[in-house]
Participant: 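Attaching a single structure in structure tokens format; questions to follow.
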Amino acid sequence: MLDARFIRENIETLKKALEIRAYDIDLSGFLGMEQERLVLLKESEELRNKRNVVSDEIGKLKRQKQQTDELVAEMKGVSDRIKEIDEVLKGIEEKTRLFLLNVPNMPHESVPVGKDETENVEMRKWGDPKKFDFEPLNHWDLAETLGIIDFELGAKIAGARFSLMRGAGARLERALMNFMLNLNTSKGYEEVFPPLLVNRESMTGTGQLPKFAAELFRTIDPEFYLIPTAEVPVTNIHRDEILREEQLPVYYTAYTPCFRREAGSYGKDVRGLIRQHQFNKVELVKFVKPEDSYVELEKLTADAEDILRKLGLPYRVIVLCTGDMGFSSAKTYDIEVWLPGQNKYREISSCSNFEDFQARRANIRFKREGKKGTEFVHTLNGSGLAIGRTLVAVLENYQQKDGTVIVPEALREFMGMDLIK
RNA sequence: GGAGAGGUGGCCGAGCCGGUCGAAGGCAGCCGCCUGCUAAGCGGUUGUGGGGGUAACACCCCACCCAGGGUUCGAAUCCCUGCCUCUCCGCCA
């Protein structure tokens, strides 16, 4: 969420930002709405002041057993008037709030301008796509032959876009999770395991609601939302808090299952593990001081990359252009891993700096030593990494001609085997 | 699920027969004084958001005693609803 006062004073800046983000939001009514709000607010406050003063007076007169009927009658009128104004004010404030919740974040100046994913910019590449002396298989063929992932059972038990992993497949999933958590915690991230169902406030705090309700699973009674990413519960750890300056930066890492409706992605990645309603992910989340957030974004991205390097998986890093960025983000790097079975790079991590956008929604602030007032922190997060897709990458990159899969060095202690056959 | 108790400032904790309460007191913290020995004592000070104001401070006003409604000239205090916490019983991994 952006600051109402900021928009009031920088409406042209916002207009340009929305344009390059390819967001069509009507800003015309906003200034008038704000003006009306401020006028009413002032009137309401002045009347309250009068009521406070006179009510005080009434108290004093009563103690002296003096006549107060006239004043009481007058104040009754004042109170009624306040009530009227406040009702109108409330309506305007609600409209303002809804408006603000639907305005996306503004891109950082370093973000390339572009209309869609075709204009994203590659930053760097690591590793060379492996050459195979045979035709590499898709992970779903590979996994089904090995008997380690069963998509039909997933469909039988739950439905499309679900799968069941067994034996070495389930083991590999767990190995990846442990490997990633161990690595992340060794870099100073505190491991947390949060609730997987959250309330509406948490979803609003990180920006999923109200705009993206269609992408969420939810329970009916009582109402909860299944998290689409650990970003939601972990960022909300500090909702409505004022942190001390010396507490920052705060780093968290969390393994969680994630649940996504994937509405509107019919026909996309229907086969395999790439796009599931339920998948596992290890997430990295940071709370930092504003002046540090862009350095922290580089470090966070590097931490995610490190996982791929240690696994020996080739990847590239791209920066998303203005037209392709997520709603809450000011700058996003995607890390894409090489998948020989598909002969292309696929997203495996998305690392974003939200600046104070989420912090304002979730009311996460900090206080500088010796300074008056508070400031919003900057929040960042990134996958480190999506486990299902990492598993896909391992299978496809480490497959052999006979259909077996070599276990990457880094995973062997967790797998207790060096070959999946 | 049943029966009780409770949610107050960074923390502890008064107030809760409505007005003198942004809220006693203590602790912690900060500033200063005093004291020659890690301590104690004394005085002062310390919340957040919004609106106005200023070159910037200062300052003024409004709101906030879990949240949302209600009663009243006036509510931390009374009433209703919700959320959360604790205790006991039941049930359960």
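Below, chains carry the letters A, B, ... as their sequence lines are ordered, and counting in each starts from 1.
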Participant: Going by salt bridge (charged side-chain N to carboxylate O under 4.0 Å, His left out), A:Glu296 matches just one of A:Lys331, A:Lys286, A:Lys289. Which one?
Facilitator: A:Lys286
Participant: For A:Asn52 and B:C62, what is the distance between atoms CG and P respectively, to the nearest whole Å?
Facilitator: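 Distance check: A:Asn52 CG to B:C62 P gives 5 Å.
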Participant: Between A:Gln358 and A:Thr379, is any side-chain donor less than 3.5 angstrom from a side-chain acceptor?
Facilitator: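 The answer is yes; a qualifying pair exists.
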Participant: OP1, OP2 of B:G49 versus side-chain N and O of A:Arg360: anything below 4.0 Å?
Facilitator: no
Participant: Take atom CD of A:Gln35 and atom P of B:G51, then tell me their distance rounded to the nearest Å.
Facilitator: 15 Å
Participant: Which nucleotide wins on minimum distance to the side chain of A:Lys367, given the candidates B:U48, B:G51, B:C73?
Facilitator: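 Nearest listed nucleotide: B:U48.
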Participant: Under 4.0 Å between any heavy atoms, over every strand shown, what does A:Arg37 touch: base, sugar-phosphate, or nothing? Just pick one.
Facilitator: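 The residue A:Arg37 makes no contact with any strand.
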Participant: Which of these nucleotides, B:G74, B:G19, B:U48, is closest to any side-chain atom of A:Arg365?
Facilitator: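 Out of B:G74, B:G19, B:U48, the nucleotide with an atom closest to A:Arg365's side chain is B:U48.
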Participant: What integer distance in Å separates A:Arg51:CZ from B:G19:P?
Facilitator: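 About 16 Å, once rounded to whole Å.
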Participant: Partner of B:U46 by Watson-Crick or G-U wobble geometry, both contacts under 3.5 Å, or none?
Facilitator: B:A28
Participant: Of the nucleotides B:G50, B:U48, B:C61, which has the atom closest to the A:Leu41 side chain?
Facilitator: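 Nearest to the side-chain atoms of A:Leu41, counting from C-beta on, is B:G50.
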Participant: Kindly indicate whether the side chain of A:Glu45 and the base of B:G50 share any N or O donor-acceptor pair separated by less than 3.5 Å?
Facilitator: yes
Participant: Rounding to an integer number of Å, can you tell me how far A:Arg48 CZ sits from B:G22 P?
Facilitator: 15 Å
Participant: Between B:G7 and B:C92, how far apart are the two P atoms, rounded to whole Å?
Facilitator: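 Approximately 34 Å lies between the P atom of B:G7 and that of B:C92.
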Participant: To the nearest angstrom, how far is A:Asp56 atom CG from B:C62 atom P?
Facilitator: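 Spelled out: CG on A:Asp56 to P on B:C62 is 11 Å.
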Participant: Would you measure the distance from the C1' atom in B:C84 across to the matching atom in B:A93 and give it in whole Å?
Facilitator: 24 Å
Participant: Whole-Å distance between B:G74 P and A:Glu57 CD?
Facilitator: 16 Å
Participant: Ignoring backbone atoms, establish whether A:Lys76 has a side-chain N or O less than 4.0 Å from OP1 or OP2 of B:C73.
Facilitator: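 For B:C73, OP1/OP2 do have a side-chain N/O of A:Lys76 under 4.0 Å.
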Participant: Roughly, in whole Å, what's the span from CD in A:Glu70 to P in B:G74?
Facilitator: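 That distance rounds to 18 Å.
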Participant: Rounded to whole Å, please give me the gap between CD in A:Glu9 and P in B:G51.
Facilitator: 9 Å
Participant: Does A:His238 have its ring centroid less than 6.0 Å away from the ring centroid of A:Tyr252?
Facilitator: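 Yes, the ring of A:His238 comes within the 6.0 Å limit of the ring of A:Tyr252, centre to centre.
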Participant: Answer yes or no: is there a side-chain heavy-atom contact under 4.5 Å between A:Phe212 and A:Met203?
Facilitator: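 Heavy-atom side-chain distance check fails, nothing below 4.5 Å.
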Participant: For the side chain of A:Lys83, starting at C-beta, report the closest nucleotide among B:U71, B:C61, B:U48.
Facilitator: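 Of the candidates, B:U71 comes closest.
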Participant: Should A:Ser79 be listed as having a side-chain N or O under 4.0 Å from OP1 or OP2 of B:G74?
Facilitator: yes
Participant: Roughly how many Å apart are B:G47 and B:G9, using the C1' atom of each and rounding to a whole number?
Facilitator: 6 Å
Participant: When you measure from the side-chain N and O atoms of A:Thr374 to the phosphate of B:G49, is any distance below 4.0 Å, counting only OP1 and OP2?
Facilitator: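 Affirmative; the distance criterion is met.
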Participant: What I'd like to find out is whether the side chain of A:Leu137 reaches to under 4.5 Å of the side chain of A:Glu396, using heavy atoms alone.
Facilitator: no
